[in-house]
Amino acid sequence: MIERVNHIGIAVASLDDQVRFYRDTLGLTYLGTEEVSDQKVRVATFRVGEVTIELLEPTEPESPVARFIAKNGEGLHHISYHVDDLEAQIAHVVAKGVDMIDPIPRPGAHGTRIAFMHPRSSGRVLTELTEG
Ligand code: CO
């Protein structure tokens, strides 16, 4: 069951420039930056209420986020919903006809497990499920 947004992912070419905006201009709480090698990104995380904002900087030209920026430019990349049981939620949406990019969960930031739906199944909004 989905009861809250976990985080919003924003694709950026350079973390340094945008960290200043979110931390110093907006005044959000900066929680730190980590590399998620599985997704070939560095992730800077900010807390606002129950939601985190994740800035995603590609670490390789062929990473999915690099391809996203090449195609769409920087900006809103995905929305992620928190789930308690990722396998059960995947099975639920697949039964409703959703095509998963990740039918099998993979590692996300901060020790989470994640799975992306294909945007053609979610109104062209890249949609992620996060457990943990
Ligand atoms: Co995410």
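Remember, it's 1-based here, ligands and their atoms both numbered in the order they're listed. Along the sequence shown, residues are numbered consecutively beginning with 1.
Residue Glu128 approaches the Co ion (ligand 1) most closely through its N/O/S atom OE1. The atom of His78 nearest to the Co ion (ligand 1) is NE2, with the search restricted to N, O or S atoms. Here the N, O or S atom of His7 that is nearest to the Co ion (ligand 1) is NE2.
Using modelled atom types, one finds no donor on one side chain facing an acceptor on the other under 3.5 Å when comparing His7 with His82. In this model, no donor atom of one side chain and acceptor atom of the other lie less than 3.5 Å apart for Thr112 and Thr130. A donor atom on one side chain and an acceptor atom on the other are not found under 3.5 Å apart for Glu87 and His92.
No path of Ile, Leu, Val, Met, Phe, Trp and Tyr side chains, each step under 4.5 Å between heavy atoms, connects Ile101 with Ile90, placing them in separate hydrophobic clusters.
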